[in-house]
Amino acid sequence: MDCVVELEKHKTVDSLHSPSSLRISRVREQRKSFGASPRRRSASIRLVGRHPDVYEPCDDSFALVDALLADKANLVERRPKLCLEVGCGSGYVITSLALILADECHAQFFATDISQTAAQVTRETLSAHGLQADVVVTDLVHGLEKRLAGSVDVLLFNPPYVPTPEHEVGAAGITATWAGGDRGRVVIDRMLTMVDSLLSSKGWFYMVTLTANNPSEICQIMKKKGFASRIVIQVILMAS
């Protein structure tokens, strides 16, 4: 099961379920209801770059983009100036966010990935859609902490979240894109320590998680930092 969870500053934490995308934010006022479904405007799959070592858009990617589409009115209302995706992979998500905001905001887009190949594929995906972003090869946001401190309005993260043996975390090739170590939390927990320092006063954080990651515990960790959460999108995955 996939879900998109929204975390907001100074609000009540809701219970979470299987794979989820978290939105962590510092928004203080009560959010408006979503109302009608927004007009879909995401990256075209046929224009997404491909490479055997780069994670292609899948159900978790689509759930994360669906959450952004569902939140479009609120995103536009915040007028984000800087948007960052950590672990951009194929570039499908950051490209979709840029398209969602294209007619509404003049934001700057950043993307990072530890893989040089993924960074290049992301650039290809952005270019194929007529978009540009600063794509940096780095581990999470290493080396960018000071530059981005307190300035990220929208932070996206679809991490390696599958529980695996520890030695598979950061392995070469496609394995690194999904291997999350113990409970699938090794990379997630590293990222959680950085969220508070990266987000602006109006920033939101969306992250994909699985039930095995114990999203309720993740929300409790963030609650202690002053954040609260709620599920935005939940998807049940079916296998034949």
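Remark: Arg46 engages no residue in a salt bridge (charged side-chain N to carboxylate O under 4.0 Å, His left out) (not counting sequence neighbours). In terms of the salt bridge (charged side-chain N to carboxylate O under 4.0 Å, His left out) criterion, residue partners of Glu217 (sequence neighbours excluded) are, by chain and number, Arg183, Arg185.
Between the CD atom in Gln132 and the CG atom in Asp134 there is a gap of 9.0 Å [rounded to 0.5 Å]. In this structure, CG on Asn158 lies 12.5 Å from CD1 on Ile94, to the nearest 0.5 angstrom. Here the NE2 atom belonging to His106 is positioned 8.5 Å from the CZ atom belonging to Arg79, to the nearest 0.5 angstrom. The structure places CD of Gln120 at 8.5 Å from OG1 of Thr117, a figure rounded to the nearest 0.5 Å. Distance check: Asp153 CG to Lys202 NZ gives 4.5 Å after rounding to the nearest 0.5 Å. Between Leu126 atom CG and Leu47 atom CG the span is 11.5 Å, to the nearest 0.5 Å.
When Leu64, Val187, Leu84 are each tested for a side-chain contact (heavy atoms from CB on, under 4.5 Å) with Phe157, only one passes: Val187. Shown are Leu75, Leu155, Leu156; of these, the side-chain contact (heavy atoms from CB on, under 4.5 Å) with Trp204 is made only by Leu75.
Between the side chain of His51 and the backbone N or O of Ala118, no donor-acceptor pair lies under 3.5 Å. Using a distance-only test at 3.5 Å, with no hydrogens or angles considered, no donor-acceptor pair links the side chain of Arg123 to the main chain of Ala133. Under a 3.5 Å cut-off, the side chain of Asp113 and the backbone N or O of Cys88 do form a donor-acceptor pair. Of the possible donor and acceptor atoms, one in the side chain of Glu166 sits under 3.5 Å from a partner among the backbone N and O of Asp182. Of the possible donor and acceptor atoms, one in the side chain of Thr122 sits under 3.5 Å from a partner among the backbone N and O of Gly91. Thr164 contributes a side-chain N or O that, together with a main-chain N or O of Gly181, makes up a donor-acceptor pair within less than 3.5 Å. Remark: side-chain polar atoms of Thr125 are paired, donor with acceptor, to backbone N or O of Gly49 under 3.5 angstrom.
In terms of hydrophobic clustering, with Ile, Leu, Val, Met, Phe, Trp and Tyr side chains grouped at heavy-atom distances under 4.5 Å, Leu210 and Phe62 are assigned to a common cluster. Cluster membership for Leu199 and Ile188, using ILVMFWY side-chain heavy atoms within less than 4.5 angstrom, is shared. Under the 4.5 Å side-chain heavy-atom criterion for Ile, Leu, Val, Met, Phe, Trp and Tyr, Val65 and Val54 are members of distinct hydrophobic clusters. Val186 and Ile174 are assigned to two separate hydrophobic clusters, defined by single-linkage of ILVMFWY side chains at heavy-atom distances under 4.5 Å. Cluster annotation: Ile218 is connected to Met191 through the hydrophobic network of ILVMFWY side chains, with a link wherever side-chain heavy atoms come within less than 4.5 Å.
Between Glu56 and Ser61, the shortest heavy-atom distance links the atoms O-OG, 4.3 Å. The shortest non-hydrogen separation linking Pro57 to Ile45 is CB-CD1, 3.9 Å. Of all heavy-atom pairs spanning Tyr55 and Ser90, the tightest one is O-CB, 3.6 Å. In terms of heavy-atom proximity, Leu101 sits nearest to Cys83 at CD1-SG, 4.0 Å. The minimum heavy-atom distance linking Thr112 with Leu140 is given by the pair OG1-O, 2.8 Å. Residues Ala171 and Ala176 approach most closely at O-CB, 2.9 Å, considering heavy atoms.
Looking at Asp60 and Tyr161, their side chains do bring a donor and an acceptor atom within 3.5 Å of each other.
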For this session: Determine, stepwise, if the pair Arg190 / Asp139 fulfils side-chain contact (heavy atoms from CB on, under 4.5 Å).
Result: CA-CA 11 Å; Arg190 288 181 58 211; Asp139 182 9; 2.9 Å; yes
Problem set entry | Pair Lys72-Glu104, side-chain contact (heavy atoms from CB on, under 4.5 Å): steps then yes or no | CA-CA 10 Å; Lys72 180 179 178 179; Glu104 311 289 349; 4.3 Å; yes
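Here the side chains of Arg41 and Asp103 are in contact, with some heavy-atom distance below 4.5 Å. Residues Pro159 and Val208 have side chains in contact (heavy-atom distance under 4.5 Å, counting atoms from C-beta outward).
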Please list, one pair per line, the donor and acceptor atoms closer than 3.5 Å that link side chains of residues 141-149 to other protein atoms, with sequence neighbours excluded.
residue : atom : partner : partner atom : Å
Glu145  : OE1  : Gly143  : N            : 2.9

